[in-house]
Amino acid sequence: MGEKRTTFYVVMILVLALMLGSAVFLLWLLFYTPKEDVLPPSQEQLEAETTEPAETELPKLPDREAYQPPEPLPEDAEEAGPSPEEHLYGTLRLSYDKNALVSETESPKTRVTLLTKEGEALPRLDAQVLDGSGLGDSEQIRLAVGLLQAYYTDPPATEAVTVGPDPDLESGYVLEAPAVGDTPAMEARVRFLPTGAKLWYVVLLSPKETAPGDALAAVYEGAAIA
């Protein structure tokens, strides 16, 4: 009985000694191992652990030959000039800028005169409504000649006035009259605009050697029945 107890104590002492030695060895590894022995992760490990970012597709640039530059922006309204305004005279509609032309109306619904901003008598545009409509070509020509002669104190003879169709406008005529006294040779464009039982005439008059100007010409060509 005494021998078994002695053997048990010996085994216990050996186990305790083994455990104590193992603990001392682990402590020595933790506190006394040089830091140089701790190696950084290898490049292969880093590459394996690093997630590659998703590829982003960059926008493609247009081909140099196919590239078209953007169209220029429209100019400011001030640089382009004011837009013409519509003006009604009875059933006649005229479009013009009041800052560019001067209106002299005797009767707003039946007669209107437009002059340049300087207010000179020529060039000028006159429009008036008359009773009657349905005139034929020959009747319109005689009326156009009479309208031109009416501007003269001493009008030229009818046969001295040349008349031709206006190539740009339907029911329009181009007339020329020679100089008479102090009045220079004149050129007129005349057109007729029927409205119901009445007829509007529009006359653009200027000296033959002087252009009437874009402003008056635009009003004449754009005249219409409202």
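Residues: numbered from 1 along the sequence shown.
The shortest side-chain heavy-atom distance between Gln140 and Tyr173 falls under the 4.5 Å cut-off. Proximity of Leu101 to Lys117: side-chain heavy atoms (C-beta onward) are nowhere separated by under 4.5 Å. Side-chain atoms of Asp131 and Lys198, non-hydrogen and from C-beta on, do get closer than 4.5 Å to each other. Counting heavy atoms from C-beta on, the side chains of Val180 and Pro155 never come closer than 4.5 Å. The side-chain heavy atoms of Lys208 and Met186, taken from C-beta on, include no pair separated by under 4.5 Å. Considering only heavy atoms from C-beta on, Gln128 comes within 4.5 Å of Tyr201 through its side chain.
No donor-acceptor distance shorter than 3.5 angstrom exists from the side chain of His87 to the backbone of Arg93, with no hydrogens or angles considered. Remark: the backbone N or O of Gly136 is paired with a side-chain donor or acceptor of Glu139 at under 3.5 angstrom. For the pair Thr195 (side chain) and Leu199 (backbone), a donor-acceptor distance under 3.5 Å is absent. A donor-acceptor contact shorter than 3.5 Å links the side chain of Tyr220 to the backbone of Val190. Side-chain atoms of Ser133 come within 3.5 Å of backbone N or O of Gly196 as a donor-acceptor pair.
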Apply side-chain hydrogen bond (donor to acceptor under 3.5 Å, both in side chains) to Trp200 and Thr91, showing your working.
CA-CA 9 Å; Trp200 277 94; Thr91 56; 3.0 Å; yes
Let's go through Thr105 and Arg111 carefully: what are the C-alpha distance in whole Å and the side-chain angles of both, what is the deciding distance for side-chain contact (heavy atoms from CB on, under 4.5 Å) to 0.1 Å, and is it a yes or a no?
CA-CA 6 Å; Thr105 56; Arg111 181 179 176 86; over 6 Å; no
Under the side-chain contact (heavy atoms from CB on, under 4.5 Å) criterion, do Val112 and Leu94 qualify, and how do the steps go?
CA-CA 10 Å; Val112 59; Leu94 303 178; 4.0 Å; yes
side-chain contact (heavy atoms from CB on, under 4.5 Å) assessment of Glu209 paired with Glu187:
CA-CA 9 Å; Glu209 303 301 328; Glu187 183 177 79; over 6 Å; no
Please step through side-chain contact (heavy atoms from CB on, under 4.5 Å) for the pair Leu204 and Leu216, ending with a clear verdict.
CA-CA 8 Å; Leu204 179 61; Leu216 284 174; 3.8 Å; yes
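Scanning all heavy atoms of the two residues, the minimum distance from Pro84 to Ser95 falls at CB-C, 4.1 Å. Pairing each heavy atom of Pro123 with each of Pro212, the nearest pair is CG-O, 3.5 Å. Residues Val202 and Ala127 approach most closely at CG2-CB, 4.2 Å, considering heavy atoms. Scanning all heavy atoms of the two residues, the minimum distance from Leu115 to Glu120 falls at CD2-O, 3.6 Å.
Rounded to the nearest 0.5 angstrom, Asp126 CG and Leu147 CG are separated by 9.5 Å. For the atom pair CZ (Arg124) and OG1 (Thr113), the distance works out to 5.0 Å, reported to the nearest 0.5 Å. Note that CG of Leu169 and CG of Leu193 are 9.0 Å apart. Values are rounded to the nearest 0.5 Å.
Linking Ile, Leu, Val, Met, Phe, Trp and Tyr whenever their side-chain heavy atoms come within less than 4.5 Å puts Val203 and Phe192 in one cluster. Connection of Leu114 to Tyr151 is not established within any shared hydrophobic cluster, with ILVMFWY side chains joined at heavy-atom distances below 4.5 Å, either directly or through further cluster members. Residue Leu88 is not grouped with residue Leu125 when hydrophobic side chains (ILVMFWY) are merged at heavy-atom distances under 4.5 angstrom, including chains of intermediate members. Hydrophobic cluster membership differs between Tyr89 and Val102, with clusters built from Ile, Leu, Val, Met, Phe, Trp and Tyr side chains linked at under 4.5 angstrom.
Ala177 pairs by the side-chain contact (heavy atoms from CB on, under 4.5 Å) definition with Leu148, Tyr152, Pro156, Val161, not counting sequence neighbours.
Salt-bridge check for Lys98 with Glu85: failed, with every basic side-chain N at 4.0 Å or more from each acidic carboxylate O. A salt bridge is defined here as a Lys NZ or Arg NE, NH1 or NH2 lying under 4.0 Å from an Asp or Glu carboxylate O, and Asp166 with Arg191 fails to meet this definition.
Across Leu205, Thr162, Val145, a single residue satisfies side chain to side chain contact (heavy atoms under 4.5 Å, CB included) together with Leu175, and that is Val145.
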